[in-house]
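As the structure lists them, so they are numbered: ligands from 1, and atoms in each ligand from 1.
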Amino acid sequence: MTGSDFSVLPRHVAVIMDGNGRWAKKRGLARSEGHIEGAKTFRRIGEYAGNLGIKHITFYAFSTENWSRPENEVNAIMHLFGDYLKEALDRLDENLKKGIRLRFLGDRTGIAPELANLMDTVEKYTENMTKINLNIAVNYGSQQEITGAVQSIAEDVKAGLLQPGQITPELIASRLYTGDQPPVDLMIRPSGEQRISNFLLWQSAYAEFWYSDVLWPDFTERDFDEALRSYEKRNRRFGGV
Ligand code: FPP
C-alpha cells in the first residue's frame with residue numbers, strides 16, 4: 001500500500017501494543033519473549049506508517065501503572081526500550097534517512113537516569129526530521145499528564161501571568177506532552193480488549209476506535225491497512241450532524 005491508496009489518512013494514530021503476554025503464553029514462552037516480538041512489530045509498523053505518509057503516531061510502551069508488574073518483566077521492557085534507543089543512535093544516519101523524529105511522552109523523572117539521558121539525546125538528534133513524528137509513551141499516564149498541565153496553569157495564575165478566564169481547551173492541550181501535535185484521529189487496540197487504559201484521554205476526545213483480536217506480536221502491515229480502511233469509511237461528525 002501507499003498513502004495514495006487511501007482517500008483520507010488520519011493525521012495522528014495511537015496504538016496500544018497489547019497482547020504480548022498472551023502471545024508468549026500460547027507458545028509456552030516467558031512474557032518477556034512476547035515483548036521482544038512486540039518490539040519488532042513496533043519497529044515494522046512505525047516505519048510502515050511513515051512510508052504511508054502518516055505524520056504522527058504514538059505507541060503505548062509502558063504506563064505509570066505497569067510498574068506493578070513483576071520486576072523481571074519491567075526490566076525486560078526497559079531493556080528493550082534501551083536497546084531501541086541505542087540502536088537509534090548507532091544507526092543515526094539510517095534513521096535520519098527514514099526521516100523519523102522520535103519523541104517520548106511520559107514522566108521522565110521516574111525513569112533510570114541513563115535511559116532518560118538517552119531519551120533526551122535521541123530527541124535532540126532527530127528533532128529536525130519531518131517525515132513522521134513517532135512518539136513512544138513511557139511511564140505515561142493520561143490523568144497524570146492532565147494533572148501536570150493543570151498544575152502548571154495554576155502556577156501561572158498564581159504568578160499573575162494568566163486570568164482564570166483565559167484557561168481554554170487549547171491552552172490545556174498546549175501544556176500536554178503532545179503540546180504541538182494534532183489530536184488523535186484513530187486509536188488502534190489489538191488483542192481483543194476494548195479499553196482506553198489511561199492513554200491520551202484528552203487527545204482522543206473525537207478519535208475513532210479500531211479494535212482487533214490479533215495479538216500485537218502478530219499484528220501486520222495488513223492489519224494496519226485494515227484499520228486505515230475502516231477509518232476512511234467513518235463519518236466523523238465532531239458532535240455535529
Ligand atoms: C502490553 O501487553 C504490552 C506492554 C505493557 C509492553 C509493550 C512494550 C513493548 C512492545 C516493548 C517496548 C519497546 C520499544 C522498543 C518501544 P501485555 O503484556 O499486557 O499483554 P497481555 O495482555 O497479553 O498480558
Side-chain angles (χ1 to χ4, degrees), residues 13-50 56-92 94-95 98 100-108 110-112 114-116 118-123 126 132-142 144 177 187-200 211-221 223-224:
V13 179
V15 184
I16 302 182
M17 305 191 281
D18 198 11
N20 296 343
R22 275 163 287 164
W23 183 92
K25 193 169 175 210
K26 262 173 57 180
R27 287 164 179 76
L29 300 170
R31 292 179 58 83
S32 56
E33 297 289 334
H35 297 313
I36 291 173
E37 286 307 308
K40 291 183 193 161
T41 308
F42 153 80
R43 284 174 168 80
R44 269 196 293 106
I45 299 299
E47 205 173 320
Y48 184 61
H56 300 264
I57 188 162
T58 304
F59 291 92
Y60 206 178
F62 195 85
S63 74
T64 43
E65 291 72 33
N66 285 151
W67 294 108
S68 65
R69 293 190 177 210
E71 198 183 330
N72 64 348
E73 184 173 347
V74 170
N75 290 341
I77 295 172
M78 290 299 166
H79 199 89
L80 284 168
F81 179 52
D83 283 350
Y84 177 71
L85 294 175
K86 285 183 210 132
E87 184 190 293
L89 291 177
D90 287 348
R91 301 193 194 159
L92 195 61
E94 204 179 301
N95 279 315
K98 288 180 192 162
I100 301 177
R101 177 175 185 182
L102 284 167
R103 291 206 250 181
F104 307 100
L105 318 182
D107 179 5
R108 229 164 278 195
I111 297 200
E114 322 79 74
L115 263 190
L118 273 175
M119 290 159 81
D120 291 342
T121 310
V122 168
E123 272 185 346
T126 63
I132 186 166
N133 194 97
L134 195 158
N135 304 308
I136 306 177
V138 181
N139 196 21
Y140 176 85
S142 197
Q144 292 84 337
Y177 296 122
M187 169 81 70
I188 294 178
R189 182 159 196 162
S191 95
E193 310 289 353
Q194 303 191 358
R195 292 189 284 277
I196 186 141
S197 301
N198 203 15
F199 189 42
L200 302 174
Y211 305 103
S212 144
D213 287 336
V214 180
L215 303 176
W216 177 248
D218 291 329
F219 193 93
T220 65
E221 287 81 343
D223 295 307
F224 196 73

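For the pair V15/I57, a side-chain contact is recorded, criterion being any heavy-atom separation below 4.5 Å from C-beta on.
Taking a cut-off of under 4.0 Å to the non-hydrogen atoms of I77, the atoms of ligand 1 that pass are 6 (C).
Between S191, A61, P190, A88, it is A61 that holds the heavy atom closest to atom 7 (C) of ligand 1. Nearest to atom 13 (C) of ligand 1 by heavy-atom distance, out of G19, A24, A39, A76, is A39. The residue among L80, D18, N66, V138 with a heavy atom at the shortest distance from atom 5 (C) of ligand 1 is N66.
Without hydrogens or angle criteria, Y177 side chain to G106 main chain gives a donor-acceptor distance under 3.5 Å. For W216 (side chain) and G38 (main-chain N/O), a donor-acceptor pair under 3.5 Å exists by modelled atom type.
One finds the CG atom of D83 at 13.0 Å from the CE atom of M78 (value rounded to the nearest 0.5 Å). Expressed to the nearest 0.5 Å, how far CG of L200 lies from CG of L105 amounts to 7.0 Å.
A heavy-atom separation below 4.0 Å is found between R69 and ligand 1. At a 4.0 Å cut-off, not a single heavy atom of K25 sits close enough to ligand 1 to count as contact.
At the top of the distance list for atom 4 (C) of ligand 1, counting protein heavy atoms only, stands H35 CE1, 3.8 Å. Nearest protein heavy-atom contact of atom 10 (C) of ligand 1 is N20 ND2, 3.4 Å. The nearest protein atom to atom 3 (C) of ligand 1, hydrogens excluded, is given as M17 O, 3.1 Å; this is a heavy-atom distance. Looking only at protein heavy atoms, the nearest one to atom 22 (O) of ligand 1 is R22 NH2, 2.9 Å.
Here S142 pairs with Y140 under the side-chain hydrogen bond (donor to acceptor under 3.5 Å, both in side chains) rule; sequence neighbours left out. In terms of the salt bridge (charged side-chain N to carboxylate O under 4.0 Å, His left out) criterion, residue partners of R103 (sequence neighbours excluded) are, by chain and number, D180.
Remark: ligand 1 and G21 share an N or O pair separated by less than 3.5 Å (distance only, no angle test). Every N/O-N/O distance between Y84 and ligand 1 stays at or above 3.5 Å. For ligand 1, the polar-atom distance check against Y60 finds no nitrogen or oxygen pair separated by under 3.5 Å.
Contacts between L215 and ligand 1, counted as non-hydrogen atom pairs separated by less than 4.0 Å, are absent for every part of the residue.
Between R108 and E123 a salt bridge is recorded (basic side-chain N to carboxylate O distance below 4.0 Å).
Checking each of F104, F62, F42 against F81 for a ring pair (Phe, Tyr, Trp, His ring centres under 6.0 Å) leaves exactly one that passes, namely F104.
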